[in-house]
Protein chains: 2
Amino acid sequence: MELDDTDRAILRILQEDARTPFSEIARRIDMSSATVHDRVGRMEDAGVIEGYHASVNPKAVGYGVSALVGLRVEQGREEDALERLREIEGVREIHLTTGEWDVILRVVAEDTDRLRDLMFDRVANMDGFSRSQTMIILGTDYETEGLPI
Amino acid sequence: MELDDTDRAILRILQEDARTPFSEIARRIDMSSATVHDRVGRMEDAGVIEGYHASVNPKAVGYGVSALVGLRVEQGREEDALERLREIEGVREIHLTTGEWDVILRVVAEDTDRLRDLMFDRVANMDGFSRSQTMIILGTDYETEGLPI
DNA sequence: GTTGAAAAAATATTGAG
DNA sequence: CTCAATATTTTTTCAAC
């Protein structure tokens with residue numbers, strides 16, 4: 001789908017605050033709210049907008065620790081290994097990467113003890129991985145909400 | 001702020017779809033929508049809910065490549081280095097980590113050429129970093145929307 | 001594609017238990 | 001804290017340009 005400047009302006013606003021009323025978006029981009037409605041609907045249908053999500057403070061729901069985990073996968077075990085990773089609670093993202101690691105996970109845990117349990121009981125001892133490294137996120141200095149559009 | 005099971009149920013729904021009408025949430029958790037409204041407002045005020053964001057398909061807006069970038073920061077240059085990283089377009093997250101890297105960035109770029117520009121012109125040659133490694137994300141196998149609540 | 005206006009639906013507010 | 005009822009605002013639809 002081709003996006004014009006109006007679409008991009010709408011996306012910028014919705015990335016920032018997905019609950020901005022269409023009437024307010026319309027006012028800001030100087031169009032009618034029916035147009036905004038129409039364009040948003042088309043971007044949703046086309047998969048440009050993938051969804052709307054509340055972002056929840058991890059600490060408020062008991063997750064004190066985040067980490068990135070690099071993994072080396074044994075040859076031929078990829079499919080199986082990934083499938084088991086997906087089932088582990090606390091695993092939020094699984095990325096296939098170039099460089100030092102084949103897979104990088106992003107995980108959350110209640111505290112460092114639980115993170116250790118997660119890593120040693122469920123990941124490190126899991127068949128199919130030859131090496132792992134846990135990089136605990138001490139703090140997140142910066143995080144944009146969305147892409148530069 | 002203390003969260004009870006009702007609050008958590010609301011958070012689960014809003015993480016999944018931030019535009020779910022309060023009336024629909026009320027129906028699902030078997031409460032009135034005024035209650036939902038009240039609880040959501042309090043969770044917003046308390047910072048439990050940090051915001052609502054549309055998630056945009058990166059490819060649809062021209063970002064074909066994502067990467068994780070590990071960086072080593074020279075002693076005493078941390079503040080200054082981080083500040084300059086924040087200003088680079090395409091840098092979406094800056095995490096301070098334990099382990100092999102001091103800082104891990106998450107970046108997006110239009111294509112691998114642009115990623116190379118970003119990395120070599122703007123990051124690798126930047127003062128204050130002694131080593132860097134770019135891990136291109138070949139694909140994301142799995143990504144949860146939000147936390148396990 | 002866009003619009004203004006009407007209809008439908010949702011959210012915000014109020015007052016009381 | 002929760003609710004029902006009401007007031008307000010937003011979303012959605014639609015004929016017309």
Side-chain angles (χ1 to χ4, degrees), chain A residues 1-63 110 144-149, chain B residues 1-63 110 144-149:
Chain A
M1 176 186 181
E2 281 287 310
L3 301 178
D4 63 18
D5 290 347
T6 302
D7 292 323
R8 288 167 187 277
I10 294 170
L11 289 178
R12 273 196 298 275
I13 294 169
L14 289 176
Q15 272 196 155
E16 187 73 26
D17 181 2
R19 315 244 296 203
T20 313
F22 289 179
S23 56
E24 160 86 9
I25 299 173
R27 195 182 56 67
R28 286 206 236 163
I29 65 172
D30 204 36
M31 296 217 164
S32 76
S33 59
T35 300
V36 175
H37 178 259
D38 185 56
R39 283 171 178 262
V40 169
R42 268 185 296 115
M43 290 194 283
E44 287 172 353
D45 293 344
V48 175
I49 296 173
E50 297 177 328
Y52 305 93
H53 308 284
S55 91
V56 175
N57 185 330
K59 292 204 173 103
V61 289
Y63 292 105
E110 284 81 349
T144 59
E145 289 308 340
L147 303 158
I149 296 179
Chain B
M1 176 186 180
E2 281 287 309
L3 301 178
D4 63 19
D5 290 345
T6 302
D7 292 322
R8 288 166 186 277
I10 293 170
L11 289 178
R12 274 196 297 275
I13 294 169
L14 290 176
Q15 273 196 155
E16 187 75 25
D17 181 1
R19 314 243 299 200
T20 311
F22 290 179
S23 57
E24 160 86 10
I25 299 172
R27 196 182 54 67
R28 286 206 236 162
I29 66 172
D30 205 37
M31 297 217 165
S32 77
S33 59
T35 298
V36 175
H37 176 261
D38 185 57
R39 283 170 178 264
V40 169
R42 267 185 297 115
M43 290 195 283
E44 286 171 354
D45 293 344
V48 175
I49 296 174
E50 297 177 329
Y52 305 93
H53 308 284
S55 91
V56 175
N57 184 332
K59 292 206 173 104
V61 289
Y63 292 106
E110 285 80 350
T144 58
E145 291 309 339
L147 304 158
I149 297 177

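Numbers restart at 1 for each chain; the letters A, B, ... are given by sequence-line order, proteins then strands. Only this structure's heavy atoms are used, side chains among them; waters, hydrogens and symmetry mates stay out.
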Quick check: are there more than 12 heavy atoms from other residues, nucleotides or ligands sitting under 6.0 Å from CG of B/D30?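 Counting other residues, nucleotides and ligands, CG of B/D30 stays at 12 neighbours or fewer.
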Is there side-chain contact between [X] and [Y], with at least one heavy-atom pair below 4.5 Å?
| X | Y | value |
| --- | --- | --- |
| B/V48 | B/D7 | no |
| A/I149 | A/L3 | no |
| B/Y52 | A/H53 | no |

So, OP1 or OP2 of [N]: does either fall under 4.0 Å of a side-chain N or O from [X]?
| X | N | result |
| --- | --- | --- |
| A/R19 | C/dT11 | no |
| B/S32 | D/dA4 | no |
| B/H37 | C/dA12 | yes |

Among [options], which nucleotide sits nearest the side chain of [X]?
| X | options | value |
| --- | --- | --- |
| B/D38 | D/dT2, C/dT2, C/dT13 | D/dT2 |
| A/M31 | C/dG4, D/dT2, C/dT2 | C/dT2 |
| B/P21 | D/dT10, C/dT11, D/dC3 | C/dT11 |
| B/T35 | D/dC3, C/dT3, C/dG1 | D/dC3 |

Whole-Å gap separating [atom2] ([N]) and [atom1] ([X]):
| X | N | atom1 | atom2 | result |
| --- | --- | --- | --- | --- |
| A/I10 | C/dT2 | CD1 | P | 9 Å |
| A/Y52 | D/dT11 | OH | P | 10 Å |
| A/L14 | D/dT10 | CG | C1' | 14 Å |
| A/D5 | C/dG1 | CG | C1' | 16 Å |
| A/F22 | C/dT3 | CZ | P | 15 Å |
| B/R42 | D/dT2 | CZ | P | 7 Å |
| B/R27 | C/dA9 | CZ | C1' | 15 Å |

One thing to verify: whether A/R12 and A/E16 come together as a salt bridge, which I'm taking to mean a side-chain N less than 4.0 angstrom from a carboxylate O. no
Within the structure shown, what part of the strands sits under 4.0 Å from B/S23 by heavy-atom distance: base, sugar-phosphate, or nothing?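 If one applies the 4.0 Å heavy-atom cut-off, B/S23 turns out to touch the sugar-phosphate alone, with no base involved.
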